[in-house]
Amino acid sequence: MADPLKERISLLTMGEAQGKLKPEHIAELENYRRQGLAKPSAATVAASADSGGALETSKGRDDARKAIKTIELLQPQIARVRELQRKTLGATGLRALGEFNPFSEDNQQYDSAVAQLTSVARPATRTPGEGSMSDFETKLATATLPNRWKRDKYNEEALNGLQRLVDTSRTLYSRQLGLPVAPPSTPKPASSAGWKITRKN
């Protein structure tokens with residue numbers, strides 16, 4: 001049996017698309033939208049896209065605020081792992097074997113920083129009733145993270161990829177919530193080490 005309310009909303013939506021609704025019918029349709037029973041109008045969706053996708057539901061706003069808080073926790077940890085990565089990894093020759101020494105204090109410090117980064121990027125499994133993971137949480141859960149046992153290029157790209165995810169997500173959610181958009185956190189280039197030959201005039 002067809003749902004009379006759904007049929008009514010469908011007829012009102014079609015009438016709106018054709019520009020045939022009377023003022024009282026427009027008010028009726030907008031009332032259904034405020035109750036979450038009808039989809040936003042095409043004009044509202046277009047305006048939302050132009051403004052960065054303003055959020056229409058309380059759940060969407062809650063997810064965006066939660067993502068911003070997670071990003072605030074992630075950013076300093078990404079910077080810390082990058083700092084220790086440049087300090088601890090990247091050696092060449094026989095010195096590179098030291099990166100696999102589990103008793104090295106530098107290696108333990110790096111592993112601890114990666115573990116802290118992982119704890120933020122991989123939130124604990126949700127308890128029943130909390131709902132599904134948000135889009136941002138899903139992307140974090142599948143993001144590639146650094147690993148001391150991997151090659152240096154792998155770890156550098158893992159951090160860069162995570163930083164890009166953080167930057168783009170922060171921009172998107174800030175716009176949706178009407179907050180100022182922070183500039184991307186561009187990593188500083190690694191300082192060159194070793195001998196440098198200069199020409200004496």
Looking at L89 and R148, what are the two nearest heavy atoms and their distance? CD2-CG, 3.9 Å
Salt bridge check: are R164 and E157 linked by an N-O gap of less than 4.0 Å? yes
If you group Ile, Leu, Val, Met, Phe, Trp and Tyr by side-chain heavy-atom gaps below 4.5 Å, do V181 and I71 land in one group? no
CD (E24) and CG (L29) are apart, to the nearest 0.5 Å, by 12.5 Å
The test is side chain to side chain contact (heavy atoms under 4.5 Å, CB included); show your working for N147 and V114 and say whether it passes. CA-CA 8 Å; N147 185 328; V114 171; over 6 Å; no
Step by step, would you call R80 with Q75 a side chain to side chain contact (heavy atoms under 4.5 Å, CB included)? CA-CA 9 Å; R80 179 57 175 164; Q75 188 56 70; over 6 Å; no
Main-chain N/O of V166 paired to S169 side chain as donor or acceptor, under 3.5 Å: no
Any donor-acceptor pair under 3.5 Å linking the side chain of S10 with the backbone of K6? no
Distance in Å, N107 CG paired with D111 CG, rounded so as to fall on 0.5 Å steps: 6.5 Å
Quick check: closest heavy atoms across A113 and Q77, and the distance to 0.1 Å? O-NE2, 3.2 Å
Between CD of Q85 and CD1 of I78, what distance do you get to the nearest 0.5 Å? 11.5 Å
Should we count CD of E105 as having more than 12 external heavy atoms under 6.0 Å? no
D63 CG to Y173 OH distance, which is reported to the nearest 0.5 Å: 7.0 Å
For L162, the option from V81, L117, D167 that meets side-chain contact (heavy atoms from CB on, under 4.5 Å): L117
Salt bridge (Lys or Arg N to Asp or Glu O under 4.0 Å) with E156: of R82, K150, R151, only one passes, and it is R82
Minimal non-hydrogen separation, L12 against Y32, with atom names: CD1-CE1, 3.7 Å
Step-by-step side chain to side chain contact (heavy atoms under 4.5 Å, CB included) determination, L140 to V120: CA-CA 9 Å; L140 270 185; V120 179; 6.0 Å; no
Can you confirm whether K66 sits close enough to K69 that some side-chain heavy atom of one is under 4.5 Å from a side-chain heavy atom of the other? no
Tell me whether L11 shares a hydrophobic cluster with I9, the cluster being built from Ile, Leu, Val, Met, Phe, Trp, Tyr side chains joined at under 4.5 Å. no
Should the pair R170-E72 be classified as a salt bridge under the 4.0 Å nitrogen-to-oxygen rule? no
Which pair of non-hydrogen atoms, one from Y110 and one from T88, has the smallest distance, and what is that distance? CB-OG1, 4.3 Å
Are M14 and L37 joined in one hydrophobic group, where the rule is that I, L, V, M, F, W and Y side chains link up if heavy atoms are under 4.5 Å apart? no
About how many Å separate CG of N31 and CD of Q35, when rounded to the nearest 0.5 Å? 4.5 Å
N155 to P146 - nearest heavy-atom pair and separation: OD1-CA, 3.3 Å
For the atom pair NZ (K87) and CG (D106), what is the distance rounded to the nearest 0.5 Å? 4.5 Å
Closest contact, heavy atoms only, Y154 versus L145: CE2-O, 3.8 Å
Is it true that a side-chain atom of T168 and a backbone atom of L165 form a donor plus acceptor pair closer than 3.5 Å? yes
Stepwise side chain to side chain contact (heavy atoms under 4.5 Å, CB included) check, Q176 with L172: CA-CA 6 Å; Q176 289 178 334; L172 172 64; 3.7 Å; yes
Can a salt bridge be assigned to the pair R65 and D62 using a cut-off of 4.0 Å between side-chain N and carboxylate O? yes
